[in-house]
Trainee: 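Structure provided below as structure tokens; questions to follow.
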Amino acid sequence: MSSSQRWDDVDFYFSSHLAPDDDALQAALRDSEAAQMPHVNVTAPQGKLLRLLAEMQGARAILEIGTLGGYSTIWLARALPADGRLISLEYSAKHAEIATRNIARAGLDKVVEVRVGPALESLPKLADENPPPFDLVFIDADKANNAHYVEWALRLTRAGSVIVVDNVVRGGRVADSDSTEPDIQGTRAAIELIAAHPRLSGTAIQTVGSKGYDGFALARVLA
């Protein structure tokens, strides 16, 4: 049995017992596939992890950078109370339209707002609104701008908030200090920012699964 097959089998076992997809989640994946979106949404165990992190935070406000088809958005939004709020930023109008339908079908359109446009344009506008601090920020967008997204997350959170940056291992390429690839440079810049910033305490974890070899960074905002 190949390593990738074993990873798939283990992911299936964990998902079936601990993070089963329901009709809304399955439909979100199906619609994303039909729209030929990139196959980069989180796995079910990763989605459940995001929900658990939000629940452990007692999150009332969540910011997501990178919506895609809304699969991770649904997992996160299910952690919110009825009067909670999740703002998700999506570059592609097409993706945002599909995500909005998926979110509404999941019954979460009252707590989720999808905003369309480049995140580095949407984030200053969001900051100008002076929203209550976000309790959790999930960053899963273009990797070249990861460090900028972490900086904005710091501006929009409070002491005790959690920041999650997805896809930081890049198949192991993140360790290549000589890489000129934008996604590697941006991810390394984010990791080094988390390491050096006096208001952040963080770590990064390597993962394997049905999406291959990757990982995520997790940081807590300090006082």
Trainee: Between atom CD of Glu97 and atom CG of Asp31, what is the distance when rounded to the nearest 0.5 Å?
Mentor: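 Going from the CD atom of Glu97 to the CG atom of Asp31 covers 11.0 Å.
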Trainee: Do the side chains of Glu181 and Arg173 get close enough for a salt bridge, i.e. N-O under 4.0 angstrom?
Mentor: yes
Trainee: Is the shortest side-chain N to carboxylate O distance from Glu64 to Arg85 below 4.0 Å?
Mentor: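 No.
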Trainee: Enter the distance from Thr43:OG1 to Lys48:NZ here, rounded to the nearest 0.5 Å.
Mentor: 12.0 Å
Trainee: Looking at CD of Gln46 and CZ of Phe14, how far apart are the two atoms once the value is rounded to the nearest 0.5 Å?
Mentor: 12.5 Å
Trainee: Taking side chain as C-beta onward, heavy atoms only, is Ile74 less than 4.5 Å from Leu108?
Mentor: yes
Trainee: What I want to find out is whether Arg155 reaches Glu151 closely enough, with some N-O distance under 4.0 Å, to be called a salt bridge.
Mentor: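 Here Arg155 does not pair with Glu151 in a salt bridge, since their nearest N and O are not under 4.0 Å apart.
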Trainee: Please check if atom CG in Asp128 has more than 12 non-hydrogen atoms from other residues, nucleotides or ligands closer than 6.0 Å.
Mentor: yes
Trainee: With sequence neighbours excluded, give me every ring-ring contact (aromatic ring centres under 6.0 Å, His included) pair touching residues 125-169.
Mentor: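 Output for this query is empty, none listed.
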Trainee: Between Arg158 and Asp135, does at least one N-O distance fall below 4.0 Å, as a salt bridge requires?
Mentor: yes
Trainee: Is it the case that atom CZ in Arg6 sees more than 12 heavy atoms from other parts of the structure closer than 6.0 Å?
Mentor: no
Trainee: Judged by atom type as modelled, is there a donor-acceptor pair below 3.5 Å linking the side chain of Asp183 to the main-chain atoms of Ala144?
Mentor: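 Between the backbone of Ala144 and the side chain of Asp183 there is no qualifying donor-acceptor contact (under 3.5 Å).
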Trainee: Drop me the distance from Arg220's CZ to Arg199's CZ, to the nearest 0.5 angstrom.
Mentor: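 Spacing of CZ (Arg220) from CZ (Arg199) equals 11.5 Å.
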Trainee: Other residues, nucleotides and ligands only: do more than 12 of their heavy atoms fall within 6.0 Å of CD on Gln36?
Mentor: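 No, not enclosed.
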Trainee: Check the pair Ile62, Leu80 against side-chain contact (heavy atoms from CB on, under 4.5 Å), reporting the backbone distance first and the verdict last.
Mentor: CA-CA 8 Å; Ile62 297 173; Leu80 290 170; 3.8 Å; yes
Trainee: Is any NZ, NE, NH1 or NH2 atom of the basic residue among Lys125 and Glu129 found under 4.0 Å from an Asp or Glu carboxylate oxygen of the other?
Mentor: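 No, Lys125 and Glu129 are not salt-bridged.
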Trainee: Go through the side-chain N and O atoms of Glu33 and His39 and say whether any donor and acceptor fall under 3.5 Å apart.
Mentor: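 Present: a donor and an acceptor within the cut-off.
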Trainee: Any donor-acceptor pair under 3.5 Å linking the side-chain atoms of Asp22 with those of Gln26?
Mentor: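 On atom types as modelled, these side chains do not qualify, holding no pair under 3.5 Å.
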Trainee: Treating Ile, Leu, Val, Met, Phe, Trp and Tyr as nodes and any side-chain heavy-atom pair under 4.5 angstrom as an edge, say whether Ile98 and Val116 lie in one connected cluster.
Mentor: no
Trainee: Can Val221 and Leu200 be said to form a side-chain contact (heavy atoms from CB on, under 4.5 Å), step by step?
Mentor: CA-CA 5 Å; Val221 180; Leu200 288 174; 4.1 Å; yes
Trainee: Is there a side-chain contact between Met56 and Val162 (heavy atoms, below 4.5 Å)?
Mentor: no
Trainee: Run the ring pair (Phe, Tyr, Trp, His ring centres under 6.0 Å) test against Tyr13 and tell me which residues pass, sequence neighbours left out.
Mentor: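 Testing Tyr13 for ring pair (Phe, Tyr, Trp, His ring centres under 6.0 Å), a comparison that skips the adjacent residues, returns His17.
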Trainee: Any chance you could measure Arg188, atom CZ, to Ile184, atom CD1, to the nearest 0.5 Å?
Mentor: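 The distance works out to 8.5 Å.
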Trainee: Would you call Arg170-Asp176 a salt bridge at under 4.0 Å N-O?
Mentor: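 No, Arg170 and Asp176 are not salt-bridged.
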Trainee: Hey, are Lys211 and Asp11 close enough for a salt bridge, meaning a charged N less than 4.0 Å from a carboxylate O?
Mentor: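 Looking at Lys211 and Asp11, the cut-off is not met.
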Trainee: Apply side-chain contact (heavy atoms from CB on, under 4.5 Å) to Val208 and list each qualifying residue two or more places apart in sequence or on a separate chain.
Mentor: Trp7, Tyr213
Trainee: How long is the straight-line distance from OG1 of Thr73 back to CG of Leu86, given to the nearest 0.5 Å?
Mentor: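 Going from CG on Leu86 over to OG1 on Thr73, the span is 6.5 Å.
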